[in-house]
Peer 1: 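After the structure tokens below, expect a handful of questions from me.
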Protein chains: 2
Amino acid sequence: MTFSEDQFVADLIALDRDGGALPEQIYHAVGDAVRTGRIPPEGALPSSRALARELGVSRNTVNAAYELLRADGIIAVRQGAAPRIGAGPEIERARSAPRVHAPRLSARGAHLAERRRQAMSDVGLLEPGAPVEDLFPADEWARCLRRVARRRYGAEAMYANVAGLQSLRVALAEHLQRWRGVVATPEQLIVVPSAQAALTLAALCLADPGDTALVESPGYWGARIAFAQAQLQLRALEVDADGADPDCAADANARLIYVTPSHQFPTGARMPLTRRMALLERARRSGAVILEDDYDSAFLWRGRTIAAMQGISAGAEVIYLGTASKSLLPGLRLAYMVVPEPLVEAFSQVQRHMGLRVNIHAQAALAEFIETGALTTHLRRIARTYEARGRLLVETLRLVLGDRVEVEMPMGGVQTVVTFRGAVDDEAVSLRMQKAGFNTPALSGYCIGEPRVGLIVGFAEATPDIAARFARTLAAAV
Amino acid sequence: MTFSEDQFVADLIALDRDGGALPEQIYHAVGDAVRTGRIPPEGALPSSRALARELGVSRNTVNAAYELLRADGIIAVRQGAAPRIGAGPEIERARSAPRVHAPRLSARGAHLAERRRQAMSDVGLLEPGAPVEDLFPADEWARCLRRVARRRYGAEAMYANVAGLQSLRVALAEHLQRWRGVVATPEQLIVVPSAQAALTLAALCLADPGDTALVESPGYWGARIAFAQAQLQLRALEVDADGADPDCAADANARLIYVTPSHQFPTGARMPLTRRMALLERARRSGAVILEDDYDSAFLWRGRTIAAMQGISAGAEVIYLGTASKSLLPGLRLAYMVVPEPLVEAFSQVQRHMGLRVNIHAQAALAEFIETGALTTHLRRIARTYEARGRLLVETLRLVLGDRVEVEMPMGGVQTVVTFRGAVDDEAVSLRMQKAGFNTPALSGYCIGEPRVGLIVGFAEATPDIAARFARTLAAAV
């Protein structure tokens, strides 16, 4: 059976008598059939009379449909003959025509897309920095989402030039003041999809290519990626038991200084007040801006009292970053930054220009979680669980590996560092752990200065079984 | 009463006997009080014995709290005397210290933050490109959000390197094939917060500073902003009744070509197949990539059959962009792009590096809306409403202004263009309309080539009252 038989074409057209104008339906169905090749390009269509009969519609209806198809160039109507397929052959030619140049990345694109860290599996147990989905308060969040999605948001649901949902900015400003000593008006809050987005904004807005940024070593990969993408030079602030040393790279005229002072990533060190003051002083003298990433202070089980550096600064030296990725779920894509007042308008303009904005219902749900106290209750709950799991992991490692490893009892967050006695190739150990299903990267890969050797181990998933299996596997791998 | 009186300090400490370790509670409360100035920096604290008595706890408990405070530098403990506030004075000094350099934007930041279009009010009636919130299916979306938020997403809820939720990518690939003739595997779909984010990604990845991009004139501001931010040179594709003319700027060696072929923004023109083929041919020969912005084809009430250019291309010349901003709600921050296979990995890497990712529950809800057919039902419903409102606005304008204006009956979307007989300063008219509460920008501001004169008028809100008021206001303003 060939397409030119009237019945064949009619069969391609499923008319819905309640589904809108019939000519349009025919027009869509035939057009689709031509485009997808179900009606081959070399052929003809039934005459309007024949098709009308097959479909049980008036001839005018088919003529109207053919006129639409003709206007689109899909068919060629010939006086006194059945219409031929018009654009079909052209489309076929176009589809198979060779492209002179393959699409390629620009030099900039190649730079941006560069893979900047060791290939890590995206899955695997005990990944550092990752919370567990089990502890996400899914039912409560779901109910909350339902409530907030039924509300009207007016201009905020459209394209209004705001940096975040106003109710969330108000709730965050109060929450951060209360729990983290952050001093900010709601207008200084900018809501972004992730800390990564915040780092990108800050790097692009505050530094030019070739400028220097200071980063902790060992330190967070995300910051190094954002800065490298912005073509900045990186210098190390070496991390010791008191966190980043503010006197490192004293000759560097840095524009940006990235630190995690309340719970250093990944070592867990806490920067004492004296160092914080020294770092603020350094920024104040040199005109640098400190990016204070407070990624998991919301659930430290000790040490909440050292206020954020933002709160003890004069206001203009620090951009404060926070995220719901650790406290709730990375998939929410919900983070925020507190920006010094003189920079707010520019940041929010660039945010808008780049499309770094966040779903309104997720924002409204977080606002409600803060306002009702549900967030605080949740944070207490996960802190208890993570503390127990952290302890369990550390105790299991000490029991199984004895003095072959050193591991500090974590004071918060979801990861800690395991170091080894004696010379160990941590990349090799990490690879062995990866083969056994553990996503625990080598500490040396997180250093840009003096390399340090160890494994970064998340404990959010550290149930007794998993902790025991990890310890046994590590004992065999070292 | 001064802070040094024991009772005063004790009053600042609200102990919760079920709320965790007592030393930690005291430590948090005193630390907060020092930081917020409730305990002034010049003072002392009660002795541990005195505070223990006031609080009704053991002296060891207070000593443990004081030890934590001392370790943080919050207090200075002196043998045989009450502890003094340690860091308070330092914090005060830091807060009031002058900053040597004010925080400032880098040259790049200043370029990115530049305001690139005429100052428009963010609110106002009949804004082009904006749907109405009333038509957003809030109850259904809310129920759907509740359902999807209770699910587990495993690695997709964490940091896995994917360009979007897999269920949404699968649903979109099928949906776009069916309704728009787009030919794509789910892996070619990248989910981003907005078309603006997609344009930013494409401009950064595919062009270098100084490269040329072709844009429609008149045309969409967002594309011009994304390209200007990426430091591209803009050349115009003049738009006529058949949309963008593919032969314009024939000497330009463009890397990117931005078009809205199915429903030109803002004129509403539809590009016929012959021009589409010519534009594809041009891209194929020159190595340019076409950015096909299909922003509102989902609810054209005529003309759906011209397939997306992506579907009639050989696959590598076109990046297809779609968004939920017009069909559902801008506040969802949910858009998507179909990227040629060889570019997918690089785009998704840059997306991840820049933080251009989307809330997981919004993605899951859209997937479910597509799978259940709720989206199609919704699109039919809004197309009917918008068609009626578009007609009403056009008929009202013709009735009230007669031959002083020309306005085409729109075939879809949510905006149309009103042009004037005779010489009219459209910026002045737009300003007058803005003062009367209408956000209807001047057409000339959307041109980069030959300026065209008119007003761009959204009709999503065009109820009889508003249409009448707009027509009367315009009659007085012209």
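Lettering follows sequence order; numbering is per chain, from 1. Values in this document were obtained by computation on a predicted structure and should not be read as measured data.
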Peer 1: For the backbone of Ala230(A) and the side chain of Arg108(B), can you confirm whether one donor and one acceptor N or O come within less than 3.5 Å of each other?
Peer 2: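 Yes, because the side chain of Arg108(B) sits within donor-acceptor range (under 3.5 Å) of the backbone of Ala230(A).
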Peer 1: Using non-hydrogen atoms and a 4.5 Å limit, figure out which bit of Arg384(A) sits close to chain B: side chain, backbone, both or neither.
Peer 2: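 Neither part, no heavy atoms under 4.5 Å.
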Peer 1: Side chain, backbone, both or neither: which part of Ile225(A) has a heavy atom under 4.5 Å from chain B?
Peer 2: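 Just its side chain gets close to chain B.
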Peer 1: Looking only at atom types and distance, does a side-chain atom of Arg255(A) sit under 3.5 Å from a main-chain N or O of Ser106(B), one as donor and one as acceptor?
Peer 2: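 Here the side-chain-to-backbone pair does not exist.
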Peer 1: Is any side-chain heavy atom of Met158(B) closer than 4.5 Å to one of Ser325(A)?
Peer 2: no
Peer 1: Gly129(B), Ala157(B), Ala197(B): which one forms the most heavy-atom pairs within less than 4.5 Å of chain A?
Peer 2: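 Ranked by contacts with chain A, first place is Ala157(B).
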Peer 1: Heavy atoms only, distances under 4.5 angstrom: which of Ala346(B), Ala335(B), Ala110(B), Ala362(B) has the most pairs with chain A? Name it, please.
Peer 2: Ala346(B)
Peer 1: Would you find a donor on one side and an acceptor on the other, under 3.5 Å apart, between the side chain of His353(B) and the backbone of Leu112(A)?
Peer 2: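 Present.
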Peer 1: Taking only residues two or more places apart in sequence or in another chain, which ones pass side-chain hydrogen bond (donor to acceptor under 3.5 Å, both in side chains) with Glu281(A)?
Peer 2: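 With sequence neighbours excluded, Glu281(A) shows a side-chain hydrogen bond (donor to acceptor under 3.5 Å, both in side chains) to Arg284(A), Arg285(A), given in chain and number order.
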Peer 1: Is a donor on one side and an acceptor on the other found under 3.5 Å between the side chain of Glu133(A) and the backbone of Tyr153(B)?
Peer 2: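 Yes.
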Peer 1: For residues Leu356(B) and Gly355(A), report the shortest heavy-atom separation together with the two atoms involved.
Peer 2: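 Heavy atoms of Leu356(B) and Gly355(A) come nearest at CD2-O, 4.0 Å.
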Peer 1: Give the table of side-chain donor-acceptor pairs shorter than 3.5 Å for residues 144-151 of chain A, with sequence neighbours excluded, one pair per line with atom names and distance.
Peer 2:
| from | atom 1 | to | atom 2 | distance (Å) |
| --- | --- | --- | --- | --- |
| Arg147(A) | NE | Glu368(A) | OE2 | 2.6 |
| Arg147(A) | NH2 | Glu368(A) | OE2 | 2.5 |
| Arg150(A) | NE | Asp139(B) | OD1 | 3.2 |
| Arg151(A) | NH2 | Glu368(A) | OE1 | 2.7 |

Peer 1: What heavy-atom pair brings Leu332(B) and Asn359(A) nearest, and what distance separates the two atoms?
Peer 2: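 Shortest heavy-atom separation between Leu332(B) and Asn359(A) comes out as O-ND2, 3.0 Å.
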Peer 1: If you compare all heavy atoms of Arg104(B) against all heavy atoms of Leu206(A), which two are closest, and at what distance to 0.1 Å?
Peer 2: O-CD2, 3.5 Å
